[in-house]
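A short worksheet on the structure shown next.
Order of listing sets the numbers, starting from 1, for every ligand and every atom in it.
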Amino acid sequence: MKLLENPEAMRNLSENWRSEGLVVGLVPTMGALHEGHLSLIRRARAACDRVVVSIFVNPTQFGRGEDFETYSRPFERDSALLREEGCDVIFAPTVETMYGGSSLDLSPSGERVYVEAGGLGEIWEGEARPGHMRGVATVVTMLLNIARPHRAYFGEKDYQQLKVIERLVRNLFFGIEIVPCPTVREPDGLAMSSRNVNLSPEERRAATVLQRALSAAANLKQQGESSVADLVAAMREVYDTEPLVSVQYAAVVNADTLAPLNSLEGGPARAIIAARVGETRLIDNIKL
Ligand code: PAF
């Protein structure tokens, strides 16, 4: 397994592989790897000749006062896991190589070109975390241009991010296949996230309410309920029982546009939820 920090070296290696006819898969991550990431890597390993995993905690997708500085960076542990999974290359650039030398100006009004995520980047997570989806769209564009994969793998846990990236790749004609992968959960249902390690034992127990609320909506739908208001009320009934959890949004949306639905007749639907559990912000979603 190679470790590359330099974008040119990464691109040259990938171009060589491509010229030999090898299929390249990319799994973009911010490190602090868990079973959810490993499931993406296994998918990539099974379908591609070469697997690149990027580890880059991207500053432009964190807002002021968010956890960029404190985001977990267990690089040695991550490398050991990636070696075990048969990853071919870890691409781990520095902030300076990705965003410029000494005069680092990451403000949206500065010298840099950003990729806007459009309307899909303004709602839900975009509203709660202004600039977040622009940061994601920008860094994913950079990573795809550097690693030049045929396929890139993203988890459905970050459902809105996945939809933004699918649209980005389609709208800007990247010619790369985006492979969505199911959310991996702890035995008690909590969606795996690098931020779960920040939860105290009490918060960790309380955090399962996100998945329980989503399941309440999915079960109701399964029983034939078609009123969106009733599904949203069912979610609220569950999360209101948990005082340690402050829900920011819980909604039933169109699975493609993420527009709030009035009725389940309006196409494939998804229930989405975001909440603060103590200082930690968590998101989750479920197919309805
Ligand atoms: O999901 C993540 O870990 C990040 O948002 C991503 C896609 C690696 C971009 O920084």
Side-chain angles (χ1 to χ4, degrees), residues 4-5 7 10 25-41 43-44 51-63 66-75 77-78 81-82 85 87 89-95 97-99 106 112 114-117 120-121 124-126 128-147 149 151-169 172 174 176-184 191-198 272 274 280-285:
L4 295 179
E5 293 180 4
M10 180 68 251
L26 171 68
V27 182
T29 82
M30 298 204 299
L33 303 179
H34 51 67
E35 272 301 315
H37 296 112
L38 301 187
S39 75
L40 308 184
I41 294 159
R43 280 286 291 276
V51 176
V52 177
V53 176
S54 63
I55 297 183
F56 180 61
V57 184
N58 171 38
T60 62
Q61 69 187 77
F62 289 78
E66 289 188 353
D67 54 350
F68 173 68
E69 305 293 346
T70 56
Y71 197 88
S72 177
R73 290 165 170 85
F75 188 76
R77 183 181 163 277
D78 287 350
L81 286 171
L82 292 174
E85 292 300 331
C87 160
V89 174
I90 303 179
F91 174 57
T94 61
V95 170
T97 39
M98 289 293 269
Y99 285 109
L106 299 183
R112 293 203 56 79
Y114 285 89
V115 179
E116 287 295 342
L120 204 44
W124 310 119
E125 285 307 282
R129 306 179 66 189
H132 171 67
M133 287 297 170
R134 176 185 49 225
V136 169
T138 301
V139 79
V140 169
T141 300
M142 295 161 84
L143 292 169
L144 295 177
N145 281 333
I146 292 166
R151 302 194 182 112
Y153 294 77
F154 294 89
E156 286 181 345
K157 208 278 274 162
D158 296 308
Y159 190 75
Q160 185 174 358
Q161 165 175 285
L162 170 67
K163 291 289 132 184
V164 164
I165 292 165
E166 284 175 348
R167 201 176 274 195
L168 164 79
V169 163
L172 301 187
F174 274 79
I176 291 171
E177 184 190 347
I178 299 301
V179 184
C181 302
T183 302
V184 177
M192 292 211 178
S193 160
S194 303
R195 291 188 168 98
N196 290 351
V197 294
N198 301 330
I272 59 173
T280 309
R281 192 167 177 282
L282 299 177
I283 57 175
D284 200 352
N285 67 88

Legend entry - Cationic tip of Arg134 above Phe62 ring, under 6.0 Å, 45° of axis: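 Because its charged atom misses either the 6.0 Å distance or the 45° angle limit, Arg134 does not stack over Phe62.
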Legend entry - Winner among Gln61, His132, Met133 once heavy atoms are compared against atom 4 (C) of ligand 1: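 Heavy atom nearest to atom 4 (C) of ligand 1 belongs to Gln61.
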Legend entry - Residue pair Asn58 / Tyr99, side-chain donor-acceptor N/O under 3.5 Å: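 There is such a pair (donor and acceptor under 3.5 Å, judged by atom type) between the side chains of Asn58 and Tyr99.
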Legend entry - Between Thr97 and Thr94, a side-chain donor and acceptor under 3.5 Å: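 There is such a pair between these side chains.
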Legend entry - Partner set under salt bridge (Lys or Arg N to Asp or Glu O under 4.0 Å) for Glu5, not counting sequence neighbours: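 Result, salt bridge (Lys or Arg N to Asp or Glu O under 4.0 Å) vs Glu5: none returned.
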Which of the atoms of ligand 1 are close to [X], meaning less than 4.0 Å from one of its heavy atoms?
X: Gln161; answer: 1 (O), 2 (C), 4 (C), 5 (O), 7 (C)
X: Pro28; answer: 8 (C)
X: Val139; answer: 9 (C), 10 (O)

Inset, instruction - Answer with side chain, backbone, both or neither: which part of Thr29 has a heavy atom less than 4.0 angstrom from an atom of ligand 1? - result: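 Looking at Thr29 and ligand 1, just backbone atoms fall under 4.0 Å.
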Legend entry - Backbone of Ile272 reached by a side-chain donor or acceptor of Asp284 within 3.5 Å: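 Not at all, since once roles are kept as given, no pair shorter than 3.5 Å links the two residues.
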